[in-house]
Amino acid sequence: MTIRVVTILGTSRPGNFTARALALVEDELRSREAEVVRIDPAGHELVFPGEGEGDGDALKALVQSATGIVFATPEYHGTMAAKAKLIIENLGFPSALSAKPIALLGVAAGAIGAIKSLEQLRGTLSHTGAIVLPGTVSVAGVQRLFDAEGKCTDERVEKRIRGVATSLIDYLEQSVCPRLTLEQMVRE
């Protein structure tokens with residue numbers, strides 16, 4: 001069974017560090033032979049509920065096709081970025097995130113990292129029915145951890161960031177894929 005992971009970038013700010021950290025997770029996912037598709041809000045028309053269609057149907061289809069999801073957000077003013085919440089809003093009700101295993105990554109410039117935004121994101125995603133995995137990774141002082149080419153300059157931090165991918169893949173391989181394989185065998 002092919003593992004398909006949709007990664008969600010929770011910001012569209014140009015040159016953001018969240019995308020750099022998420023790229024490490026995506027690299028690790030690919031090294032584990034997962035198919036990776038990124039949702040970048042900069043490339044989608046996101047609308048507020050009740051204000052039109054936008055790209056909601058396309059985003060729902062991507063998320064519904066995923067075996068698992070990695071959601072990455074910065075922390076802006078003590079909360080997740082508005083684009084992160086708007087992506088969730090565009091995934092409908094009931095949400096396409098329902099019953100999807102999700103690993104979380106947060107980055108922030110401050111000393112405590114993205115703890116507040118990750119708490120709020122975990123609560124929001126859980127409310128949609130998503131299965132939010134333990135082992136959330138929060139990166140503090142992110143602006144000091146990447147060089148101009150986007151390479152992480154701290155091996156320990158890079159290992160933690162890549163661990164988001166490892167946690168998700170391990171969960172999918174141990175919990176989700178065996179169940180799906182068993183269901184397929186029973187139906188045949």
Side-chain angles (χ1 to χ4, degrees), residues 5-29 36-49 54-56 59-60 62-63 66 68-92 95-98 100-146 150 152 154 157-169 171:
V5 178
V6 170
T7 63
I8 300 174
L9 178 60
T11 182
S12 59
R13 195 182 107 228
N16 69 79
F17 291 102
T18 309
R20 294 177 188 186
L22 186 56
L24 292 173
V25 175
E26 292 166 339
D27 180 63
E28 190 66 26
L29 288 165
V36 179
V37 177
R38 180 187 282 192
I39 293 176
D40 182 340
H44 294 280
E45 181 185 357
L46 301 171
V47 297
F48 290 104
D55 290 340
L59 295 178
K60 287 179 213 171
L62 283 174
V63 168
I69 296 167
V70 174
F71 205 123
T73 186
E75 183 162 306
Y76 293 159
H77 306 291
T79 187
M80 69 181 113
K83 289 284 182 156
K85 182 67 164 69
L86 195 52
I87 290 168
I88 296 167
E89 297 295 342
N90 277 260
L91 292 173
S95 179
L97 295 165
S98 181
K100 293 292 180 181
I102 302 180
L104 302 181
L105 170 65
V107 304
I112 65 166
I115 292 171
K116 299 305 285 180
S117 63
L118 288 169
E119 286 174 352
Q120 293 161 358
L121 184 58
R122 175 181 292 282
T124 301
L125 294 173
S126 294
H127 189 78
T128 69
I131 303 165
V132 183
L133 302 181
T136 297
V137 172
S138 174
V139 179
V142 71
Q143 74 282 10
R144 297 184 305 271
L145 298 172
F146 289 89
C152 187
D154 185 315
V157 171
E158 181 172 344
K159 184 176 180 181
R160 284 185 39 235
I161 293 170
R162 288 178 178 275
V164 172
T166 303
S167 295
L168 180 62
I169 293 293
Y171 177 81

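When a residue number appears, it is its place in the shown sequence, counting from 1. Computed from heavy atoms alone, side chains included, the values below leave out hydrogens, waters and symmetry copies. For clarity, every value in this text was computed on a predicted model and none was experimentally measured.
Between F71 atom CZ and T124 atom OG1 the span is 9.0 Å, to the nearest 0.5 Å. Rounding to the nearest 0.5 Å gives a distance of 9.5 Å between CG of L104 and OG1 of T73. A distance of 12.0 Å separates CG in L59 from CD1 in I88, rounded to the nearest 0.5 Å. Going from atom CG of N90 over to atom CZ of F48 covers 9.5 Å, rounded to the nearest 0.5 Å. I69 CD1 to L168 CG: the interatomic distance, rounded to the nearest 0.5 Å, is 9.0 Å. Summarising the geometry, atom CG belonging to L97 is positioned 4.5 Å from atom CD1 belonging to I102; distances are rounded to the nearest 0.5 Å.
Taking each heavy atom of Q120 and M80 in turn, the nearest pair found is OE1-N, 3.7 Å. Nearest heavy-atom pair across G150 and R20 is CA-CD, 4.0 Å. What you find for L145 and D154 is that their closest heavy atoms are CD2-CB, 3.9 Å. Looking at every heavy atom in both residues, L22 comes nearest to A72 through CD1-CB, 4.1 Å. Between K83 and P41, the closest heavy-atom pair is CD-CB, 4.1 Å. Here the closest non-hydrogen pair linking V107 and F17 is CG2-C, 4.3 Å.
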Ignoring hydrogens and angles, write down the donor-acceptor pairs under 3.5 Å from the side chains of residues 5-15, residues two or more places apart or on other chains.
residue	atom	partner	partner atom	Å
T7	OG1	E26	OE2	2.6
T11	OG1	R13	N	3.2
T11	OG1	Y76	OH	2.9

Check residues 133-140 and write down every donor-acceptor pair under 3.5 Å in which the side-chain atom is one partner and the other belongs to a residue at least two apart or another chain.
residue	atom	partner	partner atom	Å
T136	OG1	R122	NH2	2.6
S138	OG	A114	N	2.7

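With contacts defined as side-chain heavy-atom distances shorter than 4.5 Å, the pair V25/V36 does not qualify.
A side-chain donor-acceptor contact under 3.5 Å links D55 to the backbone of E45. A donor-acceptor pair is defined here as one N or O able to donate and one able to accept, closer than 3.5 Å; such a pair exists between the side chain of T128 and the backbone of L125. Within the 3.5 Å criterion, the main-chain N or O of K116 finds a donor-acceptor partner in the side chain of E75. In this structure a side-chain-to-backbone donor-acceptor pair under 3.5 Å is present from K100 to A66.
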